[in-house]
There are 2 protein chains.
Amino acid sequence: MIKNIVIVDDHQLFLDGICALFNKHDDIKVLLATTNIKDAINCIDSENPHLVITDISMPEMSGIELIALLKKKQPKIKIMVLSMFANIQSYKDIDAYLLKETNEEELIFAINEVVEKNRKYLKIIEDKEENIILRDNNVLLTTREKEIIRLIIKEHNTTAIAEKLFISTHTVMTHRKNIFFKLEVTNIAGLTKKAFQLGII
Amino acid sequence: MIKNIVIVDDHQLFLDGICALFNKHDDIKVLLATTNIKDAINCIDSENPHLVITDISMPEMSGIELIALLKKKQPKIKIMVLSMFANIQSYKDIDAYLLKETNEEELIFAINEVVEKNRKYLKIIEDKEENIILRDNNVLLTTREKEIIRLIIKEHNTTAIAEKLFISTHTVMTHRKNIFFKLEVTNIAGLTKKAFQLGII
DNA sequence: TAATTAATACCATATTTGTGGTATTTTAAA
DNA sequence: TTTAAAATACCACAAATATGGTATTAATTA
């Protein structure tokens, strides 16, 4: 069985590499490997691939949003996430989850598991010390919250953010509280980490 | 001219990909592509490659430390950094600096520039908004400082860190101050970002 | 051995954060 | 159009951070 794959990742070199790698496998056909999410969505719509490989952290659109969108359009499509990080907030729509530390063998194995055998392959390390727990609740921040999170990470404090957005400091604090609750963090260190992992920044 | 290259990166898949990519180029010979820094150092010592490709952020040893070590041992060796981030603290020992968003063409071009033409190829985006400025001063944190930075990023507060390390909160605050000064940040958001970028965490 | 760096400790204080609420208006979706 | 979600604003207060010092004791290196 030939598996048709679309790859979306923000690193061109990663795309080049993974294409070169898949080239060696006759049963895998890369329909498109791109950094452009819109191109990817168009291709997925028209070509109907078996599998989409993507990352969670991407600048334009969060991987989570992309996945939700794709699964909504084509529920049968398989999604593989190749991420830098070992924790995800929502694995609802994800069929395979691998770290970028993975190797060729595991990658090919996971593709077969997901596409041919209709199984899931989720490689997630539950880090007890950091208390990273998987949850099935979608962490979807509002646009305003993302705006604020970006400013926090740019080392702006509450008053600076309030001035920049022409809103009250109280409002900023409220958003902050909501963000903290949604991302399950208790301070800015945790927030910054999560933002990195989710590709918000 | 055949260029002998050693690649060190913490992502196996990246290594696989880049090897597959270099395979197409007859003038490039990958002596070793590994996630293990010690193996890399051994190979570099014995094989004397033209170029070492590495990342700044790696778990075991910081890329900066690795580069400093290599250049000390073999001053003639060329160093290419392939990083996720567009800012570096020290470019003293680095001959080429590319983002992982780069493509095959640029990568090959940069290798030729550095190895054959003895030039530098530093692709650094100076982000004015974030005020990222290149500096030639080595940012080298002490082991204690690194210990503390890791705890801060794990969302520990000053008292918790003091208790964990059996030292006074004052001491923790002093380390904190020194870290902030060295990394040129003003709060934990900046600290966390820098730690990510430098691969401390 | 002299000099330097690393690690430690302490003080003071203004500013900022984090946490606990409540509540209104605007926007978007069902 | 009714309902729900998003964005807004306000209050209070303890806890923690950031910033400005000074200073002593290892440990390491020139």
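Letters A, B, ... are given to chains in the order of the sequence lines, protein chains preceding strands, and every chain is numbered from 1. Note that this is a predicted model, so its numbers are computed, not measured.
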Short side-chain N/O contact from Thr142(B) to OP1 or OP2 of dA7(C), under 4.0 Å: yes

Partners meeting salt bridge (charged side-chain N to carboxylate O under 4.0 Å, His left out) with Glu113(B) (sequence neighbours left out): Lys117(B), Arg119(B)

Contact state string [nucleotides 13-30 of chain D, B base, S sugar-phosphate only, - no protein heavy atom under 4.0 Å]: ---SSBBBB---------

Listed partners of Glu47(B) passing salt bridge (charged side-chain N to carboxylate O under 4.0 Å, His left out), at least two apart: none

Interatomic distance, Leu141(B) CG vs dT5(C) P [rounded to whole Å]: 16 Å

Close side-chain approach of Phe14(B) and Thr35(B), heavy atoms under 4.5 Å: no

side-chain contact (heavy atoms from CB on, under 4.5 Å) involving Asn23(B) - partner list, sequence neighbours excluded: none

Under the side-chain hydrogen bond (donor to acceptor under 3.5 Å, both in side chains) test, residues paired with Thr102(B) that sit two or more places apart: Glu106(B)

Rounded distance in Å - CG (Asn178(B)) to P (dA7(C)): 10 Å

With Thr158(B) via side-chain hydrogen bond (donor to acceptor under 3.5 Å, both in side chains) - residues at least two apart: Arg176(B)

Sugar-phosphate only, base, or nothing, as touched by Thr171(A) at under 4.0 Å among non-hydrogen atoms: base

Atom pair distance, as rounded to whole Å: CD in Glu145(B) and P in dT8(C): 10 Å

Residues in side-chain hydrogen bond (donor to acceptor under 3.5 Å, both in side chains) contact with Asn187(B), at least two apart in sequence or another chain: none

His175(B) side chain near dT8(C) phosphate (N/O to OP1/OP2, under 4.0 Å): yes

Separation of atom CD1 in Ile167(B) from atom C1' in dA6(C), rounded to whole Å: 12 Å

For Ser168(A), side-chain hydrogen bond (donor to acceptor under 3.5 Å, both in side chains) partners two or more places apart: His170(A)

Spacing of Glu155(A) atom CD relative to dT15(C) atom P, expressed in whole Å: 20 Å

Side-chain N or O of Thr169(A) closer than 4.0 Å to phosphate OP1/OP2 of dT17(C): no

Relative orientation of the end axes in the helix from dT1(C)-dA30(D) to dA30(C)-dT1(D), expressed as an angle to the nearest 10° (five pairs per end): 70°

Spacing of Ile152(B) atom CD1 relative to dT17(C) atom P, expressed in whole Å: 16 Å

Atom-pair distance (CZ on Phe166(B); P on dA7(C)), nearest Å: 18 Å

Among dA9(C), dA7(D), dC10(D), the one nearest His170(A) by side-chain distance: dC10(D)

Polar side-chain atom of Asp16(A) near backbone of Glu104(B) as donor-acceptor pair, under 3.5 Å: yes

